2 protein chains.
Amino acid sequence: MKKPNRARSRTPIREQQRLDPSEREGIIAREAVSFFAEYGFEGQTRELARRLRITQPLLYRYFPSKEALIERVYQEVFVERWKPSWEAIITDRSVPLKTRLIQFYREYAGVILTYEWIRLFMFAGLKDLGLNARYLKMLRERAFERLIEEIRFEYGRPSTRDLPITVLEIEMVWGLHAAIFYLGVRKFIYSMPLETDVNSIIDAKVTTFLGGIRSVLPAKETV
Amino acid sequence: MKKPNRARSRTPIREQQRLDPSEREGIIAREAVSFFAEYGFEGQTRELARRLRITQPLLYRYFPSKEALIERVYQEVFVERWKPSWEAIITDRSVPLKTRLIQFYREYAGVILTYEWIRLFMFAGLKDLGLNARYLKMLRERAFERLIEEIRFEYGRPSTRDLPITVLEIEMVWGLHAAIFYLGVRKFIYSMPLETDVNSIIDAKVTTFLGGIRSVLPAKETV
DNA sequence: CTTTTTGTTTATCAAATGATAAATAAGTAT
DNA sequence: ATACTTATTTATCATTTGATAAACAAAAAG
């Protein structure tokens with residue numbers, strides 16, 4: 001009933017006007033993600049409207065301002081695309097640690113190594129806004145800290161609840177994250193095609209990581 | 001009248017006007033580096049002029065267009081700041097390989113891990129322009145390929161002239177580069193203060209790198 | 001069919017912005 | 001001093017751009 005897109009119109013080929021508000025809003029938001037990822041937040045509303053095949057003032061019926069539209073883009077990409085299931089993957093001790101790490105990073109890479117995610121994250125950072133710091137704080141709390149806890153457990157070290165995470169430990173995790181993130185930077189910001197399979201790079205990096213992090217873990221004697 | 005600061009008054013208390021053209025041009029270029037690094041290339045010429053305490057049209061006496069000024073900024077940062085001596089450091093076989101690597105990366109990091117370099121490089125990448133690809137091509141040719149040649153030599157492997165650099169080898173070098181570059185991204189784009197000394201991170205990364213790259217070098221038997 | 005509602009477009013504003021031309025004035029040469 | 005050169009400013013233009021109001025038209029309601 002709410003799909004009145006054509007009716008007796010013989011030519012549904014062309015533009016369907018007068019969409020349901022929620023549908024139109026979704027279309028605008030989706031296109032805005034793609035648009036701002038390409039041109040940055042200085043991209044003009046008229047050009048966005050042109051890509052949507054609507055007029056520019058119509059944007060303001062659905063979003064009170066350009067800034068509000070940008071906020072929606074953040075929501076769409078950095079909040080909606082986070083999968084809570086990742087946290088479960090990391091802490092599922094019925095699976096070998098290395099397997100968990102590889103699975104998490106493969107899935108995570110699958111989400112962030114996209115044109116939209118990488119570029120929007122970088123645009124946001126350059127504009128400031130605190131968005132990046134907020135996101136990375138979440139990443140640290142939900143993923144990295146759990147991950148270190150699991151590594152501590154694996155090697156029989158004290159829990160992070162008893163002995164706070166050290167600078168060296170978190171630095172190692174940042175290093176792993178950097179390696180993956182940089183693949184996206186090379187591909188989507190520098191326009192340099194990757195010559196290697198992402199998954200195999202991840203596997204190699206995780207292996208190296210696990211091999212190296214033992215040396216920075218707190219001693220067993222502690223506690 | 002208005003500006004009584006004149007005469008041969010040796011008191012440069014207030015603004016000195018009417019600078020020598022080459023001097024003024026240098027001042028503008030220097031400030032433009034700082035300005036565009038902060039606001040991006042969409043930063044407005046009027047605001048730049050305000051920071052320079054000059055009027056906006058004066059900019060156009062020294063640079064025919066905003067784009068020309070931006071080109072000058074690229075020159076100033078990505079060309080002028082490259083030190084040819086780095087190439088000598090890498091290939092100086094009178095020095096232990098690890099020492100050379102650490103020295104090179106410390107010096108290189110000293111140049112690129114700055115607010116201006118990191119942000120301008122990212123702004124340029126997002127705007128495209130091919131600047132990044134061009135720069136990284138140079139980095140690869142002048143530094144990375146030499147570096148791999150030295151590693152091959154150190155471990156008694158065939159020269160890169162006889163056996164081309166492999167994808168795995170160059171990927172390892174990219175990984176090292178990523179680790180360092182990402183420090184700059186964290187600090188100057190995400191505004192996250194680094195909790196660790198950069199030099200010690202570099203030392204650790206180089207050590208890990210040298211420990212790991214053996215396994216991806218071509219076999220001795222080849223050739 | 002007529003009226004009402006509302007998604008969409010047309011017309012337009014005000015401020016911002018890169019750029020140019022003419023006026024001004026600081027320094028130099030005569 | 002006077003004339004000349006030119007670094008700098010004042011005034012201004014033509015577009016661009018985020019945003020608003022009114023007009024229009026496609027459905028829904030009566």
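Computed from a predicted model, the values in this text were never measured in an experiment. The sequence lines fix the lettering, A, B, ..., with proteins before strands; numbering per chain opens at 1.
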Practice task
Can you sort out the partners of B:Tyr190 under ring pair (Phe, Tyr, Trp, His ring centres under 6.0 Å), two or more places apart, ordered by chain and number?
Solution key: A:Phe121
Problem - Ionic contact status for A:Arg100 with A:Glu150, cut-off 4.0 Å - result: yes
Practice task
Respond yes when some side-chain nitrogen or oxygen of B:Tyr62 is under 4.0 Å from OP1 or OP2 of D:dA7, and no when none is.
Solution key: no
Practice task
Look at B:Thr45 and C:dG18 and indicate whether a side-chain polar atom (N or O) is within less than 4.0 Å of OP1 or OP2.
Solution key: yes
Problem - Under the side chain to side chain donor-acceptor pair (under 3.5 Å) test, residues paired with A:Arg119 that sit two or more places apart - result: A:Tyr115
Exercise for the section: For A:Asp197, check side chain to side chain donor-acceptor pair (under 3.5 Å) against everything at least two apart and list the hits. Expected result: none
Whole-Å gap separating [atom2] ([N]) and [atom1] ([X]):
{"X": "A:Gln56", "N": "D:dG18", "atom1": "CD", "atom2": "C1'", "answer": "7 Å"}
{"X": "A:Leu19", "N": "D:dA27", "atom1": "CG", "atom2": "P", "answer": "10 Å"}
{"X": "A:Leu58", "N": "C:dT6", "atom1": "CG", "atom2": "P", "answer": "16 Å"}
{"X": "A:Asp20", "N": "C:dG7", "atom1": "CG", "atom2": "P", "answer": "8 Å"}
{"X": "B:Tyr60", "N": "D:dC13", "atom1": "OH", "atom2": "P", "answer": "18 Å"}
{"X": "A:Arg24", "N": "C:dT8", "atom1": "CZ", "atom2": "C1'", "answer": "8 Å"}
{"X": "B:Arg18", "N": "C:dA26", "atom1": "CZ", "atom2": "C1'", "answer": "4 Å"}
{"X": "A:Arg50", "N": "C:dT9", "atom1": "CZ", "atom2": "P", "answer": "15 Å"}

Practice task
Quick one: label A:Pro21 by what it contacts on the DNA or RNA (base, sugar-phosphate, nothing), any heavy atom closer than 4.0 Å.
Solution key: sugar-phosphate
Handout entry: With sequence neighbours excluded, residues passing salt bridge (Lys or Arg N to Asp or Glu O under 4.0 Å) with A:Arg50
Key = A:Glu47
Exercise for the section: Just jot down the salt bridge (Lys or Arg N to Asp or Glu O under 4.0 Å) partners of B:Arg81, sequence neighbours excluded, or say none. Expected result: B:Glu116
Handout entry: Upstream residue (5' side of DNA chain C) when A:Arg46 and A:Leu59 are each assigned their closest nucleotide
Key = A:Leu59
Problem - Residues from residues 34-42 of chain A lying under 4.0 Å of DNA chain C - heavy atoms - result: none
Problem - Base D:dT6 paired with B:Arg61 side chain (donor-acceptor, <3.5 Å) - result: no
Exercise for the section: Determine the interplanar angle of the B:Phe41 and B:Phe36 rings, folded into 0 to 90°, and report it as parallel if under 30°, tilted if 30 to 60°, perpendicular if over 60°. Expected result: tilted
